Amino acid sequence: MLKLYNTLTRQKEEFKPLVPGQVKMYVCGMTVYDLCHIGHARMLTAFDVIYRWFAASNYDVTYVRNITDIDDKIIKRSAERGITADALVEETIADMHADTEALGLLRPTFEPRATQHIGGMQDIISKLIHRGKAYPAPNGDVYYAVREFDGYGKLSGKTLESLRAGERIDVDPNKRDPFDFVLWKAAKPGEPQWQSPWGAGRPGWHIECSAMSCHHLGEHFDIHGGGEDLQFPHHENEIAQSEGAHGHQYVNYWMHNGFINVDGTKMSKSLGNFFTIRDVLGHFDGEVIRFFIVRSHYRSPVNFTDGILNDAKQGLTRLYTALRGLDLPASSGIDWANPYAARFKAAMDDDFGTSEAVSVLFELAGEVNKSKDLALARLLKDLGGVLGLLQRDPEAFLQGDSAEGGLSAEQVEALIQARKDARAAKNWAESDRIRDELTAAGIVLEDSAGATTWRRA
């Protein structure tokens with residue numbers, strides 16, 4: 001029985017798909033105006049693992065993760081750089097895909113772009129106007145009338161009264177109520193625009209996801225996910241739009257991942273503690289970053305420091321070391337009756353408990369180290385694969401690429417041979433000197449049974 005935490009009901013619930021054996025899942029993706037940051041990596045990896053676990057549990061999964069390719073930030077950044085919005089979008093999407101591949105993410109089933117669904121957005125807006133839940137304003141914008149939707153606030157637990165008391169609300173003379181939000185923005189000179197029944201313009205942010213999810217998954221589907229910061233107002237507004245237009249429930253289960261903190265403080269550009277995925281990939285292997293994320297539960301906050309990433313590197317090294325030098329049989333699938341696999345499955349079925357699942361991997365690696373049992377080693381690799389881990393040749397991970405200015409694999413091998421020759425000649429001083437040189441270069445030597453293996457520290 002798979003259970004997941006539903007933000008809508010604030011409790012764990014048994015997962016019951018609308019169609020037995022099928023999962024329809026939508027996750028809010030990137031607004032493509034800049035490189036993805038490490039907080040995006042958290043969200044992307046969390047839902048990649050969820051996607052993988054549903055597939056491993058024999059569900060037919062349709063996973064949609066959108067791209068917002070029209071937005072105020074895109075328009076502003078393209079103007080700053082002196083390029084077209086389209087050129088910025090294509091460049092940033094290519095960078096995003098390079099980063100997600102480095103993290104070992106699977107591509108979603110569909111990756112729609114907002115600009116491909118302008119017609120669908122206009123259809124929903126028209127329905128909302130017809131139902132009295134939206135209105136065209138004198139300035140050419142179209143607004144959602146929040147007070148016309150009785151369920152507003154049910155996802156976040158916020159009420160309009162608490163919002164009025166606790167948050168600054170800008171006064172806009174074009175709105176009937178300060179809480180109303182924009183569905184369609186009137187055209188401005190030099191900005192991308194499309195024709196509509198309300199005049200030329202472009203969509204507001206919230207309406208995009210209602211249209212794209214509806215197009216690919218239908219008006220009612222199983223799971224909607226995203227970062228914790230999207231719960232309000234974005235996801236709250238999606239519910240208001242979709243249920244206001246269609247007159248029935250939009251999503252059964254809402255899922256949100258926790259924040260990334262840097263040295264205990266929420267990551268923020270304004271605080272200067274902001275790191276792109278590309279920044280971190282310059283210092284750590286993509287699988288190390290993935291392991292750092294996966295070993296914590298997706299809903300928990302995660303602290304990000306170089307020390308914690310180094311610890312994740314050492315942990316992943318331990319798992320790969322258990323597989324080193326073993327000639328594994330071909331995989332015949334996971335035997336879930338195996339005690340290790342059963343415990344792994346129980347952890348994942350309990351709201352995707354990756355931290356407990358990773359603990360099982362370490363216990364299994366310990367047993368493989370002792371017994372060199374090939375069946376258990378195969379199980380370790382297969383269970384790791386469910387989390388997107390341990391699929392490389394162990395030597396490729398352990399010896400890796402040299403850091404800038406570091407020793408190449410060929411140079412390391414030459415020094416190891418020179419050390420071997422020195423030992424054969426009983427030149428212990430030279431042998432120790434070479435070992436010290438390698439240690440200073442971040443190379444760990446492991447002597448056993450007359451052979452020397454190595455890895456990068």
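A quick note: this is a predicted structure, and the numbers were derived from the prediction, not measured. Because only heavy atoms are used, hydrogens play no part in the values below, and waters and symmetry mates are left out as well, while side chains stay in.
- In this structure, Tyr253 and Phe15 have tilted ring planes: the angle between them lies in the 30° to 60° band.
- Between Phe275 and Phe304, the angle of the ring planes lies from 30° to 60°, which puts this pair in the tilted group.
- Interatomic distance, CZ of Arg455 versus CZ of Phe397, reported as 9.5 Å (0.5 Å rounding).
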Test ring pair (Phe, Tyr, Trp, His ring centres under 6.0 Å) applied to Tyr250 and His220, step by step = CA-CA 5 Å; Tyr250 174 41; His220 184 197; 8.8 Å; no

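- Applying salt bridge (Lys or Arg N to Asp or Glu O under 4.0 Å) to Arg202 and the options Asp141, Asp69, Asp72 leaves one that passes, Asp72.
- Side chains of Trp205 and Asn237: no donor on one and acceptor on the other come within 3.5 Å.
- Taking the centre of each ring, Tyr143 and Phe181 stay at or above the 6.0 Å mark.
- From Leu103, atom CG reaches atom CD1 of Ile38 across 7.0 Å, with rounding to the nearest 0.5 Å.
- A ring-centre distance under 6.0 Å is found for Phe352 and Phe54.
- Residue pairs meeting the ring-ring contact (aromatic ring centres under 6.0 Å, His included) criterion with at least one partner in residues 68-127, sequence neighbours excluded, are Phe110-His216, His117-His215, His117-His216.
- A donor-acceptor contact closer than 3.5 angstrom is absent between the side chains of Thr31 and Asp71.
- Residues His256 and His235 bring their aromatic ring centres within 6.0 Å.
- Figure legend: cation-pi geometry between Arg65 and Phe47 absent, as NZ or CZ is not positioned both under 6.0 Å from the six-membered ring centre and within 45° of its axis.
- For Lys188, there are no side-chain hydrogen bond (donor to acceptor under 3.5 Å, both in side chains) partners, not counting sequence neighbours.
- Between the side chains of Ser126 and Gln122, no donor-acceptor pair is found at a separation under 3.5 Å.
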ask   = Do Asp351 and Tyr298 pass the side chain to side chain donor-acceptor pair (under 3.5 Å) test, and can you show the C-alpha distance, the side-chain angles, and the key distance before you say yes or no?
value = CA-CA 9 Å; Asp351 194 30; Tyr298 77 94; 2.6 Å; yes

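- Between the side chains of Asp95 and Thr92, not a single donor N or O lies within less than 3.5 Å of an accepting N or O.
- Across all their heavy atoms, Tyr26 and Ser213 have their closest contact at CD1-CB, 3.5 Å.
- Between the side chains of Ser355 and Ser296, no donor-acceptor pair is found at a separation under 3.5 Å.
- Note: Trp254 and His224 have parallel aromatic rings, judged against thresholds of 30 and 60 degrees for the angle between ring planes.
- Using cut-offs of 30° and 60° on the angle between ring planes, the pair Tyr152 and Phe232 is perpendicular.
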